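Any value given below was found using the heavy atoms of this structure, including those in side chains, with hydrogens, waters and symmetry copies removed. Everything numeric in this text was worked out from a predicted model, so none of it was measured.
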There are 2 protein chains.
Amino acid sequence: MNGRQVSSSRARVCIQDVARHAGVSAMTVSRALRQPEKVSENLRRRVAEAVDRVGYLPNRIAASLSSSRSNVVGLILPSLRNSLFADTIQGISDVLHGAGHHLMIADSGYGLAGEEAAIRAFLQQRVCGLLLHNTWHTDAARRLIERVGVPVAEIGDLTPEPIDITVSYSNFEAARTMTLLLARRGYRHIGFVTLPLKDNARSVERQRGYLSAVAECGLAADPTLILELPSGIGSGAKAIDRLSEVNPGLDAIFFAGDVLAVGAILECRRRGWAVPGRIAIASFDDVDLLSFTDPPVTTVRIPRYDIGRLSAEAILDRVSGRALKPVTFDLAFQIIERGSA
Amino acid sequence: MNGRQVSSSRARVCIQDVARHAGVSAMTVSRALRQPEKVSENLRRRVAEAVDRVGYLPNRIAASLSSSRSNVVGLILPSLRNSLFADTIQGISDVLHGAGHHLMIADSGYGLAGEEAAIRAFLQQRVCGLLLHNTWHTDAARRLIERVGVPVAEIGDLTPEPIDITVSYSNFEAARTMTLLLARRGYRHIGFVTLPLKDNARSVERQRGYLSAVAECGLAADPTLILELPSGIGSGAKAIDRLSEVNPGLDAIFFAGDVLAVGAILECRRRGWAVPGRIAIASFDDVDLLSFTDPPVTTVRIPRYDIGRLSAEAILDRVSGRALKPVTFDLAFQIIERGSA
DNA sequence: ACAGCTCATGTTATCGATACCATCAACAAA
DNA sequence: TTTGTTGATGGTATCGATAACATGAGCTGT
């Protein structure tokens, strides 16, 4: 007897104890719980009884080790603070929990190195799938994932070099489409405000979309029309300030993310500028607030909940062997035309 | 040889393989990785080399089972969609990941039964600690937690019957204080808008705080001044509508949560009502938007990030044995006086 | 020079469940 | 009656790491 330390107070109940109480073997208990249809009616009842008599809580850690099968999916986001991710998380969670799986969350701190660290940590936890919001990754991260062979879904953007599954929309097309809309409406000096570009494929793609549209329309690609600002409402006001100062002819601004546009609307009102009379405003991401401002803001709506739901489903399909090959879901974004442009 | 199915393609590397390559025992590898100071300089190097030659990823599942120690903390929120929780999650995550721990998240769907299910699931995953936003729980949930003996921190409110650790602020006092402020400012017909009360201790406490303040000031506890509405900006406008219709004398509204107040501000502007001239508005939770509206909104600021940080720290202290007893952190809320009241 | 220590490393049993195979009863087919 | 088949249950090795103890080399002090 190799008496390993056992915290005496709380008696850990294991499957053996249940087996004893039910007068069967551990194996049978395991089966009765996981494949009730495989055991006799009678046994099923006896086991169920024993389970709650002794207060048995199956040990998923042991089950995972034994079956080399995990029921945890890891999600890595740039930041947990950004409320835009909330819908996606809910979509993921709804699917996973509905299927008896669990969700682990980490943030990359908006950095590739941070993402790699999180991936490594999750692989050590033996997650059965990974959901990555980033589409840029370090080489080491890609190698790790490939070597382990874990299913991965990238959900932040469509990408030319997917690791595996992709469930997203085209940031490029979304930004391009919105810019074209502004041009079609007759705006000729369209400012563009982007969130930080560093390590952020989505921001870069949106900017490319803007530039592409501008070129298509034969408008000047004036670098003074572009501004990179940190997230937050305050940045909206700052953008109005800076862009209009340098570009007197400015007649529209496309805010490529977050709640920037709300700040801009408020700032315009403060200045007494008519929107869209004096300046038009467009946004990215349909935060519900945008429909309540005066005027309500024209924006790109992203199917965030669905991205979460579908990506989780794709991962589960892979985990369960129902699907085997990489797939790409190109979810449609939607332009919501409101009064601001 | 009991050939268990092994997916042949991806060779799982285990500690034994590292040991072989380094010419030492598995135990030594384990030590070299976890307690480098316990092995010779020389070995440390050889093991490190072997680790990345063979591409070893420690299996935390096996480690947990073997040591009966987990490095995963479970967090249960009423909903993942609510962006108010984002700061708290970030606080928790920062602490946990800084200590090599992980975060599992589930939502209770704003229901006690949902919470119990999530707790049970997390205990099966053998989390080393639980963070609960609710302070109301089913009896079964309380029994489960007690029997397992896992450290728990309740973070949504201070409570007279804590399970264990509490890290929060007093919803009652916060609401009471704000209501008193309004009364002191001379408002006599103070409306109160609450989020749904069902299964939600926080909402109930806030309402109690309001009622307590109203009573203290000798104002009438008029039930027509109280309105229960679902979350969302739209509810703000609806509240203005309904309350002012029934109560012509209404001179202030205290919105006890979420972004309700923003909707109200926007609605007032639409109606051309002066704030606070025609009606004063106060809010709960300092969403940054509230400081950008016109007028900016007087509100209660909750130290959400700190709640996350401190609760995670408290759990880790308990897990590591540094702390043993239940504690309560009563974090101060803060009244932010702005122009709306 | 030898008991007594310390420090580095190895051996073995174990955590709790599951995969795989063995077994055995009941029953159908020949 | 015998063989084959099906269905229910049990036995044993195993997943991959770690705790606890064992070992053995090098060192100290008297």
Side-chain angles (χ1 to χ4, degrees), chain A residues 1-7 10-20 22-47 50-51 54-71 123-126 128 148, chain B residues 1-7 10-20 22-47 50-51 54-71 123-126 128 148:
Chain A
M1 173 82 170
N2 188 343
R4 186 180 281 211
Q5 181 102 3
V6 164
S7 90
R10 49 187 94 133
R12 279 264 168 255
V13 179
C14 76
I15 203 169
Q16 279 293 354
D17 304 312
V18 179
R20 242 190 310 280
V24 295
S25 77
M27 200 52 236
T28 303
V29 174
S30 177
R31 260 191 300 255
L33 295 176
R34 293 182 306 144
Q35 312 157 343
E37 75 285 359
K38 295 281 232 173
V39 306
S40 67
E41 166 64 33
N42 169 32
L43 249 183
R44 210 176 313 158
R45 228 193 28 258
R46 256 163 60 211
V47 168
V51 161
V54 304
Y56 172 61
L57 274 174
N59 186 330
R60 285 284 325 154
I61 298 271
S64 290
L65 179 61
S66 175
S67 63
S68 18
R69 207 174 291 139
S70 139
N71 64 343
L123 293 180
Q124 296 192 0
Q125 296 288 331
R126 296 298 189 267
C128 64
V148 172
Chain B
M1 173 84 170
N2 189 342
R4 184 181 283 212
Q5 181 103 5
V6 164
S7 89
R10 48 188 95 131
R12 279 261 168 258
V13 179
C14 76
I15 203 170
Q16 279 291 355
D17 304 312
V18 179
R20 243 189 310 279
V24 295
S25 77
M27 198 55 231
T28 303
V29 174
S30 177
R31 262 191 298 252
L33 294 176
R34 294 180 306 143
Q35 312 156 341
E37 75 285 359
K38 293 282 231 175
V39 305
S40 67
E41 166 65 33
N42 169 33
L43 250 181
R44 211 175 311 157
R45 228 193 26 257
R46 256 161 62 210
V47 167
V51 161
V54 304
Y56 172 61
L57 275 174
N59 185 330
R60 286 286 324 156
I61 299 270
S64 290
L65 179 60
S66 175
S67 62
S68 20
R69 207 173 291 138
S70 141
N71 64 343
L123 293 180
Q124 296 191 0
Q125 296 289 333
R126 297 298 189 266
C128 65
V148 172

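In terms of position along DNA chain D, the nucleotide closest to Val24(A) lies nearer the 5' end than the nucleotide closest to the other residue of the pair Ala62(A) and Val24(A).
Between Arg69(A) and dC15(D) there is no side-chain N or O to OP1 or OP2 distance below 4.0 Å.
Looking at Arg60(A), its side chain never comes within 3.5 Å of a backbone N or O of Gln124(B) through a donor-acceptor pair. For Arg126(B) (side chain) and Leu123(B) (main-chain N/O), a donor-acceptor pair under 3.5 Å exists by modelled atom type. A donor-acceptor pair is defined here as one N or O able to donate and one able to accept, closer than 3.5 Å; such a pair exists between the side chain of Ser67(A) and the backbone of Ala63(A).
Between Asn71(B) atom CG and dA17(D) atom P the separation is 14 Å, expressed in whole Å. One can place CZ of Arg126(B) at 7 Å from P of dA17(C), the figure rounded to the nearest angstrom. Atom CD in Gln16(B) sits roughly 13 Å away from atom P in dT14(D) (whole-Å rounding). The interatomic distance linking Arg12(A) (CZ) with dA17(C) (P) rounds to 10 Å, in whole Å. Atom pair Gln125(A):CD and dC15(D):C1' shows a separation of 17 Å (rounding to whole Å applied). Put simply, CG on Asn42(B) is 12 Å from C1' on dA8(C), counting in whole angstrom units. Atom CG in Asn59(A) sits about 18 Å away from atom P in dC15(D), given to the nearest Å. In this structure, Ile15(A) atom CD1 and dG10(D) atom C1' are separated by 13 Å, rounded to whole Å.
The distance from atom CZ of Arg12(B) to atom CG of Leu57(B), rounded to the nearest 0.5 Å, is 8.0 Å. Annotation: the span from Thr28(A) atom OG1 to Arg31(A) atom CZ amounts to 5.0 Å, rounded to 0.5 Å. Separating the OG atom in Ser30(B) from the NZ atom in Lys38(B) is a distance of 12.5 Å, to the nearest 0.5 Å.
For Leu65(B), taking side-chain heavy atoms from C-beta onward, the closest of the listed nucleotides dA17(C), dT18(C), dG16(D) is dG16(D). Proximity note for Leu43(B) (side chain, C-beta onward) versus dA19(D), dT9(C), dC15(C): the nearest is dT9(C). Closest to the side chain of Ser25(B), from the set dG10(C), dA19(D), dT9(D), is dG10(C).
Of all heavy-atom pairs spanning Leu43(B) and Val24(B), the tightest one is CD2-CG1, 3.3 Å.
Contacts of residues 27-39 of chain B with DNA chain D (heavy atom under 4.0 Å): Met27(B), Ser30(B), Arg34(B).
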